[in-house]
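Worksheet: the structure to be examined is printed underneath.
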Amino acid sequence: MPAAATPLTDEDIEAFALMRAHAIALCIAGVAAAALTALSIAQVVHPGLTGDIAWLGAGRTRMAATALVVLGLLGNSSFIALYSIPTLARVVIRLRVGPWIFGLLNLVFAAPITVLALAGRLPQGPVLLVLSTLSASSGFGFFVSPLFYLPMWQTAALRTRLARSSMVVPVAQMVASVGLVVVVTVGGYTQLSQARDLNAGQLWLDALANSQGRLALIAWAVVFVGWAYVGVLSVLRRSVLPASFLPMGPLVKTAAVIGMLLPIPFIAPLWFATRSFSGPPALTPSESRGRVVFLREGCMTCHLPDADEVGFGPPLVNESGVRSTDWHFAHLYAPRAVTPRTPMPSFAHLFAGAADQPTQDARDLVMYLNAMGRTQDLGATEAKANDASKVRARRTGNVPEFPPPQNRADSLIQYRTYCVGCHGPKGEGDGPAAAGLRPRPANLAAHRYATEHAGAAIWNGVPGSAMSGWRNLPWYRVSALIDAVQSFGPQGDAGATQEPAERALGERVYAANCSQCHGEHGGGDGFSAASLPVAPANFQRQQPTLDYALQAIANGVEGTPMAPWGSRISASDMLAVAKYVRSFYAGGVR
Amino acid sequence: MKTVIAICAALGLAIVTAAVVIDARRVTTASVSTEEYGRRLLTETSLLMGPDQPDESLRFTGSRLQCSSCHLKGGADPGTLSLLESDPKYPRPSGRDGVVGDMKLRLNGCMTRSMNGKALPLDSPEMNAMVAYIKTLNGRFKLMDASRKKAAEPQAFATPDRAANPAAGQKVFDARCARCHGNDGLGLRAENDPRRGYLYPPLWGPDSFNDGAGMHRVLTAARFIKARMPLGQADLSDDEAFDVAAFINVQPRPEMANLDKDYPDRSTKPVDNPYGPYVDPFPIEQHRLGPFKPIEAFYAKLKGAK
């Protein structure tokens, strides 16, 4: 290291002044971000603070928090870039520029990237190219900046031992930034060439989603921590820089240090983000966008990426194929409509006013959720899928024999905890979350269910519908739920008898129109059944009321392959076949 | 110095304001060309691009079919008309268009024929989305294990050496097809949301594919019927599939203009192409119903002569 001191120039003085301004700005951003984050966590921990679904407006709060965090991060990187460019201009082409150039460059570098990262959207075409080039230039700034503060640092090193002993910092920064520049430039352009209209943040986050990305993240951390170290030292140790440059009171000084250190914790979630939620196959465009939404909305704050770690929320690592898209939409839109006491906040800002009007962001997010653990899903066998996670809801398999329920009151309490959101307080399939679900939740009040049938639906879920398997519940609870479900339906067997002539007519109509799906004997096992997205009703195990049966035949069942038959068969045929299907019921109610 | 602080502060304020404004405006259901949109376009074609789509600029199909009416499960089901392995096949020469075409050209072939609609602009979000989806399917296919890749289908259709008999086909239709597709073959409309088109697709009539569609070729239709129909119980014999395909294809359906411009090189016309002009001397009836052996022999000879 050269021992000779380089005298500080006017430009250096200007630069340090700017550094201070930056520190103050970062500090403000950091404190605000911390406050908003704390507020978010408070609302998650104590949702009562803001009422039941008062989180609806929180999208903007969360966006503002993200904005400030990004501002903080970009503030650091942009400063380095900003400082290096004018210095480079001065050294290489002997162009002398004043402090105004910093403001201008800040606008050019940081503002568009920040705004677009927040907007979650990048324009197409040449604009995108320009912006990508700019973000790559920021990487260039990372690389060259230590070159230019090195002389100043040497000046300081003459005065303090601390600075002298830490000359390694700028060198490490330069080395680390090489990898960073490569990822930002190469990764960014690769992404661009592969998919034109993907998310803005994706350029950045996708590059992080693999092993090179992790190296880049380490590099980024080294650069950033190095810079924070230099900055903090300059603020704290007046002896590092001449006193006249840093006329700061203790309050400002503390604030500046906090501001510069605050972004560090936000590296941690990014690190988590690089840990693979799902192995191959690679994410599709929609899933990649969903990943950006997942990170932007802070999902991993509660849903930790490891199956073994349980945060506020359940792990999502094996979410693929477990729940229907509709269920996710209803749940994201108003979680408490689905599960009354969940601490999950609402993400209604991803919807255009209703659970069945998701924005592309919501669709992509759900695509991403469904990509988690897809490897097992594609791996065919159920055994493989089950190994992955205990809580994964399997879609087939034997149903255990559940113990008898304790008492009706307890059953109804369990029902209100787990089922009421979709099936409604009286089991009529009209809960607050039901609106967006296709098919609609079962109308429990209009059916009698055999015990094993209700048990199988709760244990395995109902494929093709939003009903997921509840295998993570203790058996006695499943038992209570079966009891509650049976309590809503009709208790007697009224109206199951039929005149022989009418029964013969019903049998004919059934054989001609219904048996291909519902099976010769109403077992839901017709030859077409296996090809249908939703299993046809098994009339041996569930008995609709006459009213419900008539209505289902006439109007069809929305969201299922059950078509409206009103225009195809006469009213008398319909009545006959409605009564006929009720005669299949083989009982099983305790 | 103060100026610099002012600039920084103003900039920060501007960014936060912009973020909030953008956040407020970001609530939009506008679709972007992801494979997720593509999947919906294939499975909910009628709803998203059909004649009942409220947004006129998105009304691309003239029929009320879904792509998945033929490409079962959105093309994700292995077997006949599966799209799982489509992506690597393009670009490839298209006899019908007389050029080497990419997937987009092929998709527009479907749009104008099977869907009886108009071609999608090549750079539209819808086109890009469908291409993205089909590419995704192939990626997924490569990762499936062998048991998943195998199609659950009967033995492939072998063309009977005779002319198809639409009258016999009608009997098969009444016995095996009418339950779902209706005695009139016009399908079963999803009446509680008509925009969704049909639950069971119409096989002819105004909402079905037009006469330029591949499915209007009797052998193509028979291959599909043999492999897939009746859905879940594909057990028709070669003769039944052949006859019922002929019965379906002699029914009235929308007509496509300028069909004589197809196949610039007429010697590349498939033997069962139901519209002329042909380079061979066989009558059009024979191209529609067979027997195909003599026509195949003619083209084999023609090819040999070349």
Side-chain angles (χ1 to χ4, degrees), chain A residues 17-18 21-22 24-25 28-29 59-60 63-64 67-68 71 99-100 102-103 106-107 110-111 114-115 118-121 197 280-282 284-286 289 349 351-352 357-361 363-364 367 375 378-380 512-513 516 527-532 555-556 558 561 563-564 566-568, chain B residues 1 3-12 14-16 18-20 22-40 72-73 77 125 128 132-133 135-136 139-140 142-145 147-148 179-180 182 188-193 198-200 230-233 235:
Chain A
L18 184 79
H22 235 95
I24 293 166
I28 295 166
R60 222 161 282 171
M63 290 300 290
L68 291 160
L71 187 69
W100 58 269
F102 297 127
N106 200 342
L107 200 69
T114 310
V115 170
L118 293 170
R121 197 147 295 194
D197 52 356
T284 63
S286 189
R289 293 170 54 98
H349 58 284
F351 293 80
Q357 288 176 35
T359 60
Q360 190 66 38
D361 278 357
R363 290 182 181 284
D364 293 336
M367 287 294 282
T375 324
L378 285 173
N513 298 307
Q516 70 267 38
F527 63 78
S528 284
S531 332
L532 300 177
N555 303 328
E558 206 181 346
S567 59
R568 278 181 154 198
Chain B
M1 183 60 226
T3 325
V4 175
I5 293 177
I7 290 173
C8 288
L11 199 71
I15 289 170
V16 173
V20 171
I22 289 170
D23 181 32
R25 288 177 50 198
R26 59 187 285 121
V27 175
T28 161
T29 43
S31 297
V32 291
S33 42
T34 62
E35 88 295 350
E36 188 271 344
Y37 184 41
R39 185 189 56 76
R40 283 190 291 136
L72 300 181
K73 296 187 183 168
D77 207 16
N128 285 324
Y133 172 67
K135 283 182 191 295
T136 306
R140 187 170 285 209
K142 288 181 192 148
L143 291 157
M144 288 180 177
D145 60 19
S147 67
R148 286 264 187 123
R179 272 209 273 188
C180 295
L188 185 56
R189 195 92 188 242
E191 278 167 36
N192 43 15
D193 187 0
Y198 289 79
L199 281 172
Y200 302 115
L231 191 62
Q233 195 183 38
D235 60 357

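Throughout, protein chains are lettered first and strands after them, A, B, ... in sequence-line order, and every chain is numbered starting at 1. Both backbone and side-chain heavy atoms feed into the values below; hydrogens, waters and symmetry mates do not.
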Euclidean distance, A:F527 CZ relative to B:L231 CG, rounded to 0.5 Å: 8.5 Å

Of all heavy-atom pairs between B:L188 and A:P564, which one has the smallest distance, and what is that distance? CD1-O, 3.9 Å

Which residues satisfy the side-chain hydrogen bond (donor to acceptor under 3.5 Å, both in side chains) test with A:N513, sequence neighbours excluded? none

Under 4.5 Å from any heavy atom of chain A - which part of B:Y200: side chain

Value rounded to 0.5 Å, distance of CZ in B:R39 from CZ in A:R363: 8.5 Å

Can you say whether A:A563 sits under 4.5 Å from chain B via the side chain, the backbone, both, or neither, judging by heavy atoms? both

Pairwise distance CD(A:Q516) to CZ(B:R179) - rounded to 0.5 angstrom: 4.5 Å

